[in-house]
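Starting from 1, each residue takes its place in the sequence as its number.
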Amino acid sequence: MASSGLAYPDRFYAAAAYAGFGADGSTSSAAISRFQNDVALLLYGLYQQATVGPCNVPKPRAWNPVEQSKWTSWHGLGSMPSAEAMRLFVKILEEEDPGWYSRVPGFNPEPVVDIPMHKPKEEPQIAPASTNVTSIPEPKTISENGTSVETEDKDVILEGLSAISSHDEWTPLSVSGHRPKPRYEHGATVLQDKMYIFGGNHNGRYLSDLQVLDLKSLTWSKIDAKLQGESSDSAKTAQIAPCAGHSLISWGNKFFSIAGHTKEPSEGITVKEFDPHTCTWSIVRTYGKPPVSRGGQTVTLVGTTIVLFGGEDAKRCLLNDLHILDLETMTWDDVDAIGTPPSPRSDHAAACHADRYLLIFGGGSHATCFNDLHVLDLQTMEWSRPKQQGLTPSPRAGHAGATVGENWYIVGGGNNKSGVSETLALNMSTLTWSVVSTVEGRVPLASEGMTSVHSNYNGNDYLITFGGYNGRYSNELTFTNVSLYDGQVYTLSLKSNSQSTAKEETVAENTSRVLEPEVEISQDGKIREIAMNSADAELIQQNRNDEASEKLLAALKSEKEELEATLNTEQLQTVQLKEEITQAETRNAELTKASHLSLTLNFKLFVANLLLSSQDVDVAELRQKLQNMDALEKEVELLRRQRAASEQAALEAKQRQSSGGINSKSHIELRCNYFPGLANLRERVNNATINGRQLLEKQGAHD
């Protein structure tokens with residue numbers, strides 16, 4: 001978070017002591033009980049990961065569910081580096097208890113100075129009364145060691161947005177109406193000369209209110225919006241779910257709220273639409289496969305589509321995926337671009353140039369902030385890392401961006417130590433960075449999770465910021481005129497009086513950022529190292545060797561732990577592979593044996609089939625022979641009848657002969673004609689009988 005105070009690892013140990021984790025590893029149940037169970041378990045796992053390292057202890061017995069849950073939380077972090085676990089521990093604690101730092105036992109916070117963000121004028125002039133005047137100058141109050149002190153009257157009477165014509169002044173907007181609750185990670189958009197603020201995070205709780213600022217009258221008002229249901233009755237009672245880390249995009253005469261963290265996250269991204277005329281929210285039905293639910297992403301309007309990139313899902317996993325939503329068909333498209341995409345991140349900024357190029361800048365992981373610039377060609381869908389000109393921006397996350405013409409303005413953000421003080425401008429045509437202004441002190445402008453929008457009023461282009469968090473939640477409005485920006489660098493000396501000046505210098509000195517060195521690889525292959533800024537040059541010079549040694553030892557220890565974890569993992573994988581090989585060999589032997597048995601069985605089946613086929617042939621032949629025998633028997637029977645008839649005829653002839661009838665020659669011829677046929681027939685019957693017996697004997701042998 002962007003808050004001043006101790007550096008790491010001292011900040012982690014202070015947070016751990018506040019959360020109830022002792023230096024000896026003990027845990028105070030009274031302190032940890034202030035968190036929900038899932039948060040307490042996650043803090044325990046991160047503390048163990050940061051102080052002990054990856055979990056190598058055996059899993060507790062099943063009868064101890066508390067210790068088992070703690071072991072699961074720690075073991076699930078895997079080989080997360082100690083530094084990342086420390087930063088994630090502090091981040092989660094700040095989300096759950098934003099004011100923890102000022103309540104650490106034995107900690108005396110430095111005095112906090114609220115500084116007006118405009119240049120003091122030697123002879124302030126009060127503008128004449130006007131219908132556009134929205135505030136009356138009042139003495140400002142600063143807090144020094146808990147004591148309220150009135151400052152000199154340095155405020156400006158605003159006549160709408162046109163009161164400030166100089167681009168180098170970030171000026172607080174004095175507005176009428178009830179101010180929204182302080183917050184960060186909210187959404188903001190401008191629609192029809194009105195700035196809408198929706199949701200956000202306050203004290204670790206998500207918000208669902210919708211606030212609107214009339215940019216003509218500079219008046220805040222709250223919209224009592226309802227969620228439109230399927231019937232008119234449900235629209236009167238349904239409420240929109242609180243969320244943070246979402247994006248607002250104006251489209252036509254309505255605007256969309258896309259993605260965001262919620263208490264009960266859905267599986268995919270939800271798109272909500274707000275109609276200012278009916279003051280109702282509605283859930284938009286989309287088609288295609290929606291991206292996974294997330295927050296901290298960027299949503300950029302490109303023509304009739306929006307391009308969504310990155311973010312952090314409900315399981316705190318960082319993302320770098322790319323999706324496009326067609327606003328005319330409400331269809332999601334999962335884009336697989338070529339080239340090297342940005343590393344997974346959230347709380348970055350994005351802009352579109354010439355309706356073709358998507359620019360991604362900065363953002364962070366759980367432990368590191370980035371200052372890299374990536375460009376996606378939306379026609380070829382190819383990522384690139386272009387060479388940049390001008391200064392090198394410092395790493396930051398949670399910053400806000402707004403485009404005006406060819407310039408992309410970057411405001412605020414944090415670097416895990418303090419808020420970023422400079423406002424940057426990137427010329428998107430030449431990719432040249434420059435500093436627009438720099439603020440001093442812990443002011444709302446140097447916050448993360450703020451929003452920045454662009455508004456054109458009377459021909460002038462204004463940037464308007466709202467909210468943010470820099471150790472305290474803010475609901476301040478600031479604006480500046482960027483119409484006349486000429487590329488020069490301006491430093492705003494934010495001083496109220498001689499006393500606050502000394503305090504301010506002390507705060508600025510204590511809150512100067514100390515950045516980790518970062519290496520940036522440009523497209524032409526050159527490597528540049530980001531220089532480190534020192535909070536106290538003399539102190540760092542004196543302790544340089546000690547700090548370098550400590551860092552080296554910490555790095556070597558961390559590397560040793562990672563190598564040991566890697567070695568253990570490799571050894572475990574080797575044992576598992578050996579077991580798998582042994583199992584595979586056993587299965588192979590069993591399969592070989594089964595294969596041999598299968599071959600033997602198949603051969604036996606083949607022989608049996610051959611025998612059955614031969615048997616079928618013999619049976620058919622036997623049946624044919626039997627049929628032939630039946631025919632022969634019929635023929636024998638016929639010959640017998642003929643024989644009987646012949647014998648009868650012979651007898652009759654003999655009788656006639658004896659009586660002087662037929663002669664003996666005719667009788668002899670008849671007998672000669674008959675008996676040769678009878679002999680032949682007997683031979684055929686005998687042969688058929690022999691063949692039939694042989695076949696029957698053969699059939700019986702087979703059976």
Side-chain angles (χ1 to χ4, degrees), residues 175 177-178 180-181 183 185-200 206-264 266 268-288 290-291 293 295 297-308 323-332 402 451-457 464 466-467:
V175 297
H178 188 270
K181 180 182 293 186
R183 68 194 67 199
E185 291 185 343
H186 51 280
T189 189
V190 173
L191 181 64
Q192 299 173 351
D193 293 328
K194 294 181 179 180
M195 182 178 73
Y196 292 86
I197 301 294
F198 171 61
Y206 298 148
L207 306 175
S208 62
D209 58 328
L210 180 61
Q211 309 281 346
V212 60
L213 174 67
D214 191 319
L215 297 177
K216 293 182 179 180
S217 62
L218 296 181
T219 303
W220 278 112
S221 60
K222 181 180 179 180
I223 299 178
D224 187 15
K226 302 296 182 182
L227 177 61
Q228 184 178 5
E230 297 180 356
S231 63
S232 58
D233 294 338
S234 61
K236 296 179 181 179
T237 58
Q239 298 288 339
I240 198 72
C243 63
H246 50 286
S247 304
L248 296 189
I249 293 291
S250 296
W251 175 252
N253 56 358
K254 302 178 183 180
F255 63 83
F256 297 107
S257 175
I258 301 174
H261 294 300
T262 58
K263 185 177 180 180
E264 297 179 356
S266 58
I269 278 180
T270 301
V271 179
K272 299 182 284 286
E273 180 185 67
F274 180 75
D275 187 347
H277 298 289
T278 60
C279 293
T280 56
W281 286 101
S282 60
I283 305 298
V284 179
R285 181 180 180 183
T286 60
Y287 302 91
S293 178
Q297 71 292 319
T298 53
V299 175
T300 310
L301 182 65
V302 182
T304 60
T305 64
I306 60 171
V307 182
L308 181 145
H323 303 268
I324 294 180
L325 176 63
D326 190 324
L327 295 178
E328 294 181 339
T329 63
M330 284 298 167
T331 302
W332 284 106
T451 54
S452 176
V453 298
H454 165 238
S455 178
N456 185 277
Y457 187 78
I464 306 173
F466 173 76

Can you give me the closest heavy-atom contact between Tyr287 and Thr329, atom names plus distance? CD1-O, 3.6 Å
Are Lys226 and Asp224 close enough for a salt bridge, meaning some N to O gap below 4.0 Å? yes
About how many Å separate CZ of Phe256 and OG1 of Thr270, when rounded to the nearest 0.5 Å? 14.0 Å
Show, in sequence, the C-alpha distance, side-chain angles and deciding distance for Ile223 and Asp209, and conclude whether the side-chain contact (heavy atoms from CB on, under 4.5 Å) test is met. CA-CA 8 Å; Ile223 299 178; Asp209 58 328; over 6 Å; no
Return a table of donor-acceptor pairs under 3.5 angstrom between the side chains of residues 243-252 and protein atoms on other chains or two or more places apart.
unit_1: His246; atom_1: NE2; unit_2: Gly187; atom_2: N; d: 3.4
unit_1: His246; atom_1: NE2; unit_2: Phe198; atom_2: O; d: 2.8
unit_1: Ser247; atom_1: OG; unit_2: Gln297; atom_2: NE2; d: 3.0
unit_1: Ser250; atom_1: OG; unit_2: Thr189; atom_2: OG1; d: 2.6
unit_1: Ser250; atom_1: OG; unit_2: Val190; atom_2: O; d: 3.0

Passes side-chain contact (heavy atoms from CB on, under 4.5 Å), Ile306 versus Thr300? Steps please. CA-CA 5 Å; Ile306 60 171; Thr300 310; over 6 Å; no
Side chain to side chain, Gln192 and Asn253, heavy atoms closer than 4.5 Å: yes
Heavy-atom closest pair (Val307 atom, Ile324 atom, distance to 0.1 Å) is CG2-CG1, 4.2 Å
So Ile240 and Ser208, do their side chains get closer than 4.5 Å, heavy atoms only? yes
Return all side-chain donor-acceptor pairs below 3.5 angstrom for residues 271-278, not counting sequence neighbours, or 'none' if the list is empty.
unit_1: Asp275; atom_1: OD1; unit_2: His277; atom_2: N; d: 3.0
unit_1: Thr278; atom_1: OG1; unit_2: Thr280; atom_2: OG1; d: 2.7

Quick one: pull up CG in Leu210 and CD1 in Ile197 and give me the separation to the nearest 0.5 Å. 9.0 Å
Quick test of your reading of the model: are Asp214 and Lys194 salt-bridged, counting only N-O distances below 4.0 Å? no
Are the side chains of Tyr457 and Leu215 in contact, using a 4.5 Å heavy-atom criterion? no
Quick one: does any side-chain atom of His261 pair with a main-chain N or O of Ser293 as donor and acceptor, under 3.5 Å? no
Please report the interatomic distance NZ(Lys216) to CG(Asp193), rounded to the nearest 0.5 Å. 4.5 Å
Phe255 and Trp281 aromatic ring geometry - parallel, tilted or perpendicular at 30°/60° bounds: perpendicular
Applying the side-chain contact (heavy atoms from CB on, under 4.5 Å) test to Met195, which of Ile464, Val212, Thr451 qualifies? Ile464
Side chains of Leu325 and Thr331: does their closest heavy-atom pair fall under 4.5 Å? no
Under a 4.5 Å cut-off applied to non-hydrogen side-chain atoms, are Thr219 and Leu213 in contact? no
Can you check side-chain contact (heavy atoms from CB on, under 4.5 Å) on His323 and Trp332, steps first, answer last? CA-CA 7 Å; His323 303 268; Trp332 284 106; 4.0 Å; yes
Side chain of Arg183, backbone of Gly467: donor and acceptor closer than 3.5 Å? no
Go through the steps to decide whether Gln239 and Leu227 satisfy the test side-chain contact (heavy atoms from CB on, under 4.5 Å), and finish with yes or no. CA-CA 5 Å; Gln239 298 288 339; Leu227 177 61; 5.9 Å; no
